[in-house]
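First up is the structure itself, then whatever we jot down about it.
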Amino acid sequence: MPHCEFCHTRITTNKGLCGHVTQTPACLVNYHEKYTLPDSDSESEDRDSGNIPASSEGDGGAPNEDWTSVDPLLVEDDATEAQESETECPFKRQKVTCEEVEDEGDSMPNQWEIEFPEEYDAGAYYDTCKAEFQKMREECKANGQAPWYLFASEEEWEMAQWLMTSGISQAQLDKYLKLRAPSFHNKRSFLQYIDSLPKGPQWLCQQIEVDGLPDANGKPQTEILDLWYRDPVECVKELYENPMFKGKQGYTPRWISHNPDGTNREFSKMWTGEWWWRVQQELPIGSTLCPVQSVHTQLTRFRGDKQAWPQFFHNCMHVILAPLRAAGCGGEKMACADGYVRYMMPILAAYIADYPEQCLVCCCRENSCPRCLVNEKLRGDLTDSRPRDPAETIRILRAQANGEKPKEFKEQNLHAIDPFWVDFPHCNIFDAMTPDPLHEEHNGYFDHVVKWSTAALSGGADELDAQFKAMSPHSSLRHFKKGISLTTQWTGTKRKEMEKVLLGILANATDPAVQHAVRCGLDFIYYSHFETHTEEGLELMDAVWAGFHADKEYFITEKIRKHFNINKLHKLKHYTDSIRSRGTTDGYSTEATERLHIDLAKVGYKATNKKAYIRQMTVWLRRQEAVRKFAAYLRWVAPQPESPETEGDDSGDDEDEDESRDEPTWTPEPATAATDEGGADTQQFHLTSRSYSVAKTPAFPRLKASQIANDFHATELIYYLQKFLDSRNIHPVVEPNWDTFFSVYDQITLSLPLIPATGLRAVRDRIKAVKAAPMQLTRGGTQHATAGRFDMILVRIPLKANSTCELNGLQAARVRVIFQAAALFHKPLAYIDWYTPFTRPLPNIEMYYAVSYSNMYKISRSQRQQFQHSAVIPISDIVRSCHLMPVFRSAVPPTWVSDQVLDQAMVFYLNPYLRHYNFYFFHYRSQQKKRREAKLAAQAVEELRQARIKSMGHAGRFVQ
């Protein structure tokens, strides 16, 4: 949980932390003294040690760009200090206040919050409470028991947890327990321990009648089926009470804007959307909106009776969601994670499902839009259509059921079934159909784009495969070493990896219209995955989607497509409306639900003996949930630091790259301390902008400089090392020479700054510099030769005056060797090969770069007098890794291979789609800036025009 490092006050959110610091005079003074004053101790120390370039003085040790500095207000405290306080607050109503945060640069923009009307008393609480986890902890303390009191020791609990979650068979489980002889000596006693753990909501069973297959006379036979389900209200109560979610729940709507007049609104969680604000005003005073998301799970179709399936589904939903309907009308008192009891109104806010299931819920057929009444001929355009109306749809369905056969039934392409959502309060089921990026973007739109662009590519599928095979490597990039045309089944993960490099492949081998259409589509996909949006960002989404439609006609002209009446293509038009209404798409993605369907349904079925399997699955799910719940309780009692997300792990299951032998063990640390700390296996160095770590034991503890130059292609190591020492005014007693020994590391790991748009999760970036290994004969067999791995990076350089490039202050380079010269310099160093500086791809004529079709920076290796320009830099100057895509032009030379293409190609594109992190800096910020400039220019022109009209009016009256 965020906390103020000056007064140690615990704050619920990062935005609240910003408001606390800027509105508390003492904390604000300490903040400026520590982070903004040019003569602060920490900055002076870094400058003296060479960690801050001279051109960056007075700016926190980094150029004036938010990707080279981290706002300390966004750094979370250590996980061990995040334990929740048990002090009960006095009774008072929590309400939203207007906060104005001082502008500290691009990384912390101004924010204003409009308070929700106080007369509605939203988020009011009426009592205090203790969560189930708190009661369990107090009971253990009172009885003098350990947190894992049901088990003899923590090791015994960990063994029990593994036995329940490993998928071991019942027979093997019984055999294992008899051999180990712990407290539970057989399967029966072991399961008794598991059944005594705290449980979640109980499973209910109800019999329902459905029409089955017809008999010999053609009359449908009635079948009675068992429906297993849980009370959705009880599930919601357990989620709201869980203390693990404290600080992550919203109880009042929020209106956050980046302008003082309330415009340029920010959208992130659902409580920042327009829907919550509107519905809260319709609820009883003093109540709290409790939005519920319903997830569609594929049910087994009995006896293949597809005609009975829709009605069977709706009959099930009538039963399952009946408690939710009643609670939404009357309200429920619920204990919340922050220790208060509120009067909650559960409302169906979103329905998560893919396209066929959305049509089923909305009672329409699969050749129509579940949200609007778009004409089939206009489905492939940007034309706005009338949204579906629940009241009108219900009227038409009832008329159809009464035999009236209204013409609207066919016009709106409806399905004659009884909808379960008729009596749901404050629910517009059509508007609740949220985007499904997995099936609509990755497995839908992008799948079409690959087929269309392959047909438009010179050389077709063979050339596309060749370019994928020869693509340069990166730790965050999957290498398709066999191409893509032979793959028969694509997953969403594989398509995401293809999205990262597709534009680089098409850049010089297709028509400009194809490049522009593909680029706009990729930009739309990356924008839609942001976890924080503003109104300006949503306007950019609409602009790039309009850019795709502007050039899609090329595919029809070239007879690649006949039309664009594609349902999934049309549904992307509703994305920005859904984000404004219910927050960003990460809150209702089907990727998580599909993963759960595998973990809880398919794995649960395999754990049964296939007889009365549904009943057995409920028992299995109950026990799995009990184990996970108890594990969550132990994490809450004694929280452990979480490992950051790895952006440097090789993705893809078809790669067999050997990991380095001195892999560092990552220990997350705050990125603001100017001290050196390390764990058992790592050395960590903390800067004001990022932190990095190297292995405590180098891969090569003593390697002669001459051997380094030969193995790592660092031919001018001594010359550039001496040049670096001279620039730092370091004069060693013994000058380095080719016989000097150095410690060589094979990789470093950076902790990247946090960005709200791409997610406030710690991300680490792994950068490798590994020499080539020859073929060896070992006892285990033959080890094949491997090529060297020297990654590309972005290096911080002095800012250039009057530069219009968005990447001013950065330059690309290739790491050749990471070494430590302890007798010469106290921090690790890197020998790098420079690439040419970044320049704008092409001048822009229109607002959204209509001339620059690929909009990617093109660079090449930097040379001085026909020799490679290199340098030795401290690794603290490395900002992050990057990916260069070779310019393939019309055909890939047959000698180009992935491991050597960085040496074989001459010209490269800087890949903006490597990660959402990169896309934010290379595309989003620059386009946002251009749109703002264009708006200001248009506003100035309009003001000038109005002034001229006014002066002409005065002149006309004077003449008269």
Side-chain angles (χ1 to χ4, degrees), residues 51 53 56 60-71 74-75 106-107 472-477 500 526 644-651 664 666 668 671 684-694 745 747-769 789-797 805-816 818 828 830 832-835 837-838 856-857 859 873-885 902 908-926:
N51 289 340
S56 302
N64 189 21
E65 298 288 340
D66 62 358
W67 32 260
T68 56
S69 63
V70 169
D71 194 314
L74 293 181
V75 179
D106 283 346
S107 61
S472 52
H474 187 274
S475 297
S476 297
L477 187 67
K500 297 179 180 181
Y526 275 69
E645 288 188 358
T646 303
E647 286 284 4
D649 289 338
D650 295 327
S651 58
W666 180 261
Q684 296 204 348
F685 309 89
H686 303 285
L687 311 173
T688 56
S689 58
R690 68 195 59 81
S691 65
Y692 60 87
S693 64
V694 295
Y745 303 92
Q747 69 178 14
I748 60 174
T749 304
L750 301 179
S751 177
L752 301 182
L754 304 179
I755 304 176
T758 59
L760 291 176
R761 293 179 295 272
V763 177
R764 65 178 185 179
D765 189 9
R766 190 169 61 187
I767 300 171
K768 290 186 175 182
R789 174 74 175 272
F790 306 100
D791 286 346
M792 298 299 306
I793 59 173
L794 293 178
V795 180
R796 182 171 49 193
I797 60 174
C805 178
E806 289 79 10
L807 298 184
N808 186 20
L810 290 181
Q811 189 167 342
R814 191 178 185 188
V815 176
R816 286 299 184 179
I818 304 167
I832 62 173
D833 290 341
W834 286 113
Y835 281 65
F838 294 114
M856 294 186 294
Y857 293 95
I859 60 176
I873 63 171
I875 63 175
S876 56
D877 284 349
I878 299 176
V879 176
R880 68 176 62 88
S881 68
C882 66
H883 180 235
L884 296 188
M885 299 183 291
L902 288 175
F908 304 88
Y909 285 119
L910 177 65
N911 188 358
Y913 301 103
L914 176 66
R915 296 171 290 211
H916 288 85
Y917 206 96
N918 299 56
F919 178 81
Y920 177 85
F921 293 112
F922 298 160
H923 267 13
Y924 174 72
R925 292 198 319 157
S926 61

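Please read these numbers as outputs of a predicted model, since none were measured by experiment.
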Heavy-atom donor-acceptor pair, Tyr857 side chain to Pro837 backbone, under 3.5 Å | no
Would you give the length of the straight line joining atom CG of Leu794 to atom OH of Tyr835, rounded to the nearest 0.5 angstrom?
-> 12.5 Å
What is the distance from atom CD1 of Ile767 to atom CD1 of Ile878, rounded to the nearest 0.5 Å?
-> 5.0 Å
Would you call Ile755 and Phe921 a side-chain contact if the rule is heavy atoms closer than 4.5 Å?
-> yes
In terms of heavy-atom contacts, Cys882 and Leu914 come closest through C-CD2, 4.2 Å
Going by heavy atoms in the side chains, are Ile797 and Trp834 under 4.5 Å from each other?
-> yes
Would a 4.5 Å heavy-atom cut-off, applied to side chains only, mark Met885 and Met856 as touching?
-> yes
Closest non-hydrogen atoms of Tyr917 and Leu754, given as atom of the first, atom of the second and distance, are OH-N, 4.4 Å
Would you find a donor on one side and an acceptor on the other, under 3.5 Å apart, between the side chain of His883 and the backbone of Ser472?
-> yes
Between Arg915 and Thr758, do the side chains contain an N or O donor and an N or O acceptor separated by less than 3.5 Å?
-> no
Applying salt bridge (Lys or Arg N to Asp or Glu O under 4.0 Å), which residue pairs with at least one partner in residues 807-816 are found, sequence neighbours left out?
-> Arg814-Asp903, Arg816-Asp833, Arg816-Asp903
Specify whether Phe919 and Tyr526 have parallel, tilted or perpendicular ring planes, treating 30° as the upper limit for parallel and 60° as the lower limit for perpendicular.
-> tilted
Between Leu910 and Leu807, is any pair of side-chain heavy atoms under 4.5 Å apart?
-> yes
Side-chain donor or acceptor of Asp791 paired with backbone N/O of Lys768 under 3.5 Å = yes
Straight-line distance of Gln747 CD to Ser693 OG, nearest 0.5 Å | 8.5 Å
Rounded to the nearest 0.5 Å, the CZ atom of Arg880 sits from the CG atom of Asn918 at a distance of 6.5 Å
Is a side-chain N or O of Asp765 found less than 3.5 angstrom from the main chain of Ser881, in a donor-acceptor match?
-> yes
Kindly compute the distance separating CE (Met792) from CD1 (Ile859), expressed to the nearest 0.5 Å.
-> 5.5 Å
Taking all heavy atoms of Pro912 and all of Phe922, pick out the closest pair and write down the distance.
-> CA-CD1, 3.6 Å
